[in-house]
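Remarks on the structure that follows.
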Amino acid sequence: MFAAPMSKVITRFAPSPTGFLHIGGARTALFNWLYAAHHGGHMLLRIEDTDRERSTQAAIDAIIDGLSWLGLTWEGEPISQFARAERHREIARQLLETGHAYYCQCTPEELAEMRQRARAEGRPVGYDGRCRDLNLKPPHDKPLALRFKSPDAGRIVIEDRVQGPVTFEAAALDDLVLLRADGTPTYNLAVVVDDHDMGVTHAIRGVDHLTNAARQSMIYEALGWTPPVFAHIPLIHGSDGAKLSKRHGALGVEAYRAMGYLPEAMRNYLARLGWSHGDEEIFSTEQLIEWFDLDNVGKSPARFDVAKLQSVNGWWMRHLDTLTLRDRFMVFLPHAEDRELADKAARVLETDTGWARFTQALPGLKERAKTLAELLELSAWLFRGRPLPLTDKARKILDKGGRKVLADILPVLEAVPHWTEEALETAIKAFAEEKELKLGKVAQPLRAALTGSTVSPGIFEVLAILERDESLARIGDQLAGHG
RNA sequence: GCCCCCAUCGUCUAGUGGCCCAGGACGCCGGCCUCUCACGCCGGAAACAGGGGUUCGAGUCCCCUUGGGGGCGCCA
């Protein structure tokens with residue numbers, strides 16, 4: 001084994017701006033980013049916007065927003081492929097001059113008809129090369145497109161880092177369009193020129209580009225350029241096994257942000273879709289960078305499993321330190337789906353008391369929430385004002401004897417000299433023992449009155465966080481029949 | 001139709017010829033813990049698509065079948 005001369009690794013994420021950043025695109029970006037980071041290189045962000053009809057600024061913004069939220073960074077400014085059209089045309093001319101391209105007068109309508117007939121007759125549906133030897137030149141009565149003259153014999157072998165060697169018969173690949181009749185470059189030309197010009201060393205993208213790799217490889221050959229290392233990663237499928245596409249209701253990453261998933265959990269989960277490192281399941285970003293490589297990327301497609309994402313997210317919710325989690329929560333709030341609660345939360349968190357209580361409650365809360373959205377829900381008792389609305393279950397507890405318990409314990413609580421978790425626990429346990437009640441019979445009515453719910457952190461903790469006045473007032477509300 | 005790719009529990013995967021009557025994780029089921037809910041812990045059900053080879057030996061290599069996916073645009 002000889003060590004190849006190592007040039008700096010440059011990868012690129014090259015989305016077309018026709019919609020949001022969906023899950024598959026996000027994973028492709030992640031793999032490119034991780035690979036570059038692992039090898040001490042960097043990733044480029046190139047917007048493949050040569051199709052002016054479909055490219056939108058809103059989509060570009062959504063992609064950048066999504067990548068930023070995921071914490072995926074790129075070198076320099078995002079590159080517009082369309083802006084480099086002149087350079088693409090220059091190379092197209094070069095291809096024409098060296099005999100690797102020719103003009104074609106077929107109209108899109110004629111081509112569609114040709115394909116339709118071929119399909120009906122069971123023949124290959126590619127372009128049949130009818131203009132190949134016509135020697136057409138620009139001033140012509142019909143608009144001319146420029147086609148690549150692909151070799152009609154031999155085979156193309158792609159040494160793919162993920163797929164292994166993949167062989168195509170050159171004859172099976174038809175003559176693709178390089179320049180449209182309006183003179184704009186198409187994808188396959190632009191990609192080759194850009195990857196070459198930008199020094200891209202590794203092209204990591206979905207397998208749906210595998211055939212393109214063969215076509216591009218022929219163009220590299222004609223130009224005398226060296227192609228980058230190709231790595232075609234399997235696609236992500238929906239739970240039904242079909243391609244996870246926008247058409248199948250796949251969501252953009254911003255939807256996952258709105259559902260309360262953490263970027264670290266998203267990276268963790270996405271990395272595990274197709275890539276593995278032994279039996280490891282949980283990866284910090286540092287570990288991902290240290291361990292990620294193309295060797296451990298599988299070849300078979302993976303299905304997107306929300307339950308697993310939930311679980312990974314829950315792990316990160318529990319293990320992120322409180323202050324970091326609080327930051328994530330603040331970023332999440334403006335995107336939360338429950339606007340009513342989120343707005344209330346934002347207002348309460350602007351107050352010193354609200355901020356302090358939330359921070360204090362967070363360690364107990366985060367254990368119980370699998371997403372930031374659940375965290376918001378579980379924190380509602382900190383955000384909603386008195387009298388607290390009750391859930392059906394909470395109301396039931398109060399109605400079925402709970403109020404009596406509250407009435408009995410109120411004087412006990414009022415008499416607690418120092419309102420601390422420990423003192424409250426001692427007092428309440430003593431009360432329960434004296435009344436011969438199981439602790440649950442006391443805790444649940446208290447929980448209902450203090451949080452309006454049957455689910456919350458430990459009851460002594462809740463009392464301590466709410467402090468004396470607020471706690472007693474909430475109990476008083478229920479005794480007075482409010483809420 | 002033609003070309004290419006893929007195939008281990010329901011799902012994500014470990015496995016690179018003997019360490020595998022197949023391991024982990026999610027989910028599911030049962031139990032423990034317990035002031036609720038989570039967490040945590042213990043246990044359970046659950047897979048090498050089928051058929052041929054190669055080999056002393058195959059989940060691992062080869063072939064076929066079946067199933068799935070992708071591509072075949074003047075989209076990217």
Side-chain angles (χ1 to χ4, degrees), chain A residues 14-18 48-51 53-55 81 104 106-108 111-112 115 118-127 143-147 158 160 163-164 166-169 172-174 176-182 184 186-188 190-191 205-212 214 232 234-235 237 239 241-243 269 272-282 296 298-312 314 318 364-370 374 378 393 397 425 428-429 432 438-444 446-448 451 453-460:
Chain A
S16 61
T18 53
E48 312 254 309
D49 53 356
T50 50
D51 184 347
E53 299 284 300
R54 282 189 258 188
S55 301
Q81 187 159 62
C104 169
C106 302
T107 63
L111 294 169
R115 271 191 293 275
R119 203 178 289 273
E121 292 170 11
R123 289 181 289 111
V125 290
Y127 177 64
L144 298 175
L146 188 74
R147 280 185 188 270
I158 306 297
D160 196 278
Q163 303 293 327
V166 181
T167 308
F168 294 89
E169 291 297 331
L173 271 7
D174 64 355
L176 65 276
V177 170
L178 259 15
L179 253 28
R180 300 184 181 92
D182 66 2
T184 58
T186 59
Y187 166 78
N188 278 300
V191 169
R205 76 247 274 211
V207 262
D208 50 338
H209 283 284
L210 195 51
T211 327
N212 286 328
H232 290 92
L235 266 21
H237 291 169
S239 47
K243 185 182 179 182
Y269 176 72
R272 279 291 286 113
L273 236 40
W275 173 80
S276 62
H277 183 78
D279 282 343
E280 307 282 334
E281 295 287 350
I282 298 295
N296 301 307
K299 296 206 239 179
S300 44
R303 298 187 187 201
F304 189 79
D305 182 13
V306 190
K308 180 76 175 264
L309 206 212
Q310 278 257 344
S311 152
V312 172
R318 274 174 267 126
L365 254 16
K366 71 181 190 180
E367 290 294 318
R368 296 169 167 79
K370 282 200 158 48
E374 283 182 20
L378 283 167
K393 284 180 181 173
I397 284 170
E425 179 165 355
I428 292 169
K429 281 187 171 165
K438 293 182 76 171
L439 187 52
K441 289 291 177 195
V442 182
Q444 280 303 76
L446 278 174
R447 190 175 336 266
T451 71
S453 162
T454 52
V455 177
S456 84
I459 199 62
F460 312 118

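Keep in mind it's a predicted model, so treat the numbers as computed, not measured. Below, read A as the first sequence line, B as the second, and so on, with proteins coming before strands; counting in each chain starts at 1.
Look at A:K299 and you'll find a side-chain N or O under 4.0 angstrom from OP1 or OP2 of B:C6. Within the 4.0 Å cut-off from OP1 or OP2 of B:C39, at least one side-chain nitrogen or oxygen of A:K370 is found. Residue A:R115 places none of its side-chain N or O atoms closer than 4.0 Å to OP1 or OP2 of B:C72. Not one side-chain nitrogen or oxygen of A:R303 sits closer than 4.0 Å to the OP1 or OP2 atom of B:G68. Between A:S300 and B:G69, a side-chain N or O to OP1/OP2 separation shorter than 4.0 Å is absent.
Side-chain proximity of A:A302 to B:U36, B:C12, B:A76: nearest is B:C12. Counting only heavy atoms from C-beta on, A:R318 has its side chain closest to B:C39 among B:C39, B:G71, B:C35. Side-chain proximity of A:R272 to B:C39, B:U11, B:G24: nearest is B:G24. Set against B:G40, B:G73, B:C35, the side chain of A:D174 has B:G73 as its closest nucleotide. With B:U11, B:C72, B:A14 as the choices, the nucleotide that has an atom nearest any side-chain atom of A:S276 turns out to be B:A14. With distances taken from any side-chain atom of A:A443 to the nucleotides B:C6, B:G23, B:C35, the minimum falls on B:C35. For A:A181, the side-chain atoms get nearest to B:C74 when compared with the rest of B:C74, B:C26, B:A14. The side chain of A:L273 lies closest to B:C12 when the candidates are B:C26, B:C3, B:C12. Comparing B:G27, B:G10, B:C37 by their nearest atom to the side chain of A:R368 picks out B:C37. Nearest nucleotide to the side chain of A:A307, out of B:C35, B:G27, B:A76: B:G27.
Relative ring orientation between A:H209 and A:Y187 is described as tilted, the plane-to-plane angle lying within the 30° to 60° band.
Not a single donor-acceptor pair under 3.5 Å links the side chain of A:N296 to the backbone N or O of A:W275. Side chain of A:E425 to backbone of A:F460: no donor-acceptor contact under 3.5 angstrom is found.
As the counterpart of B:U60, no nucleotide is assigned, since no Watson-Crick or G-U wobble pattern has both distances under 3.5 Å. Partner assigned to B:C21 is none, using Watson-Crick or G-U wobble distances below 3.5 angstrom. Using N1 to N3 plus N6-O4 or O6-N4 for Watson-Crick, or N1-O2 and O6-N3 for G-U wobble, each under 3.5 Å, B:A7 pairs with B:U66. In this structure, B:A45 makes no Watson-Crick or G-U wobble pair, since no nucleotide meets both defining distances under 3.5 angstrom.
Each of A:G274 and A:N212 was matched to the nucleotide of RNA chain B holding its nearest heavy atom; the match closer to the 5' end belongs to A:G274. Both A:C104 and A:S311 lie near RNA chain B, and the one whose nearest nucleotide falls closer to the 5' end is A:S311.
Residue A:Q163 contributes atom CD, which lies 11 Å from atom C1' of B:G69 at whole-angstrom precision. Taking atom NZ of residue A:K441 and atom C1' of nucleotide B:U36, one finds them 12 Å apart after rounding to whole Å. In this structure, A:L235 atom CG and B:G69 atom P are separated by 12 Å, rounded to whole Å. To the nearest angstrom, P of B:G27 lies 12 Å from CG of A:L309. In this structure, CG of A:D279 is placed 13 Å from P of B:C20, rounded to the nearest angstrom. Counting to the nearest Å, the P atom of B:G68 and the NE2 atom of A:H237 are 12 Å from each other. The distance between atom CG of A:L210 and atom P of B:G70, rounded to the nearest whole Å, is 14 Å.
Side chain to side chain, A:S456 and A:R447 meet the donor-acceptor criterion of an N or O pair below 3.5 Å. If you check the side chains of A:N188 and A:T186, you find no donor sitting under 3.5 Å from an acceptor.
Taking 3.5 Å as the limit, the base of B:A76 and the side chain of A:D49 contain no donor-acceptor pair of atoms between them. In terms of polar N and O atoms assigned as donor or acceptor, the side chain of A:D208 never comes within less than 3.5 Å of the base of B:G71 in a complementary pairing.
Heavy-atom neighbours of A:E53 CD from other residues, nucleotides or ligands within 6.0 Å: at or below the threshold of 12.
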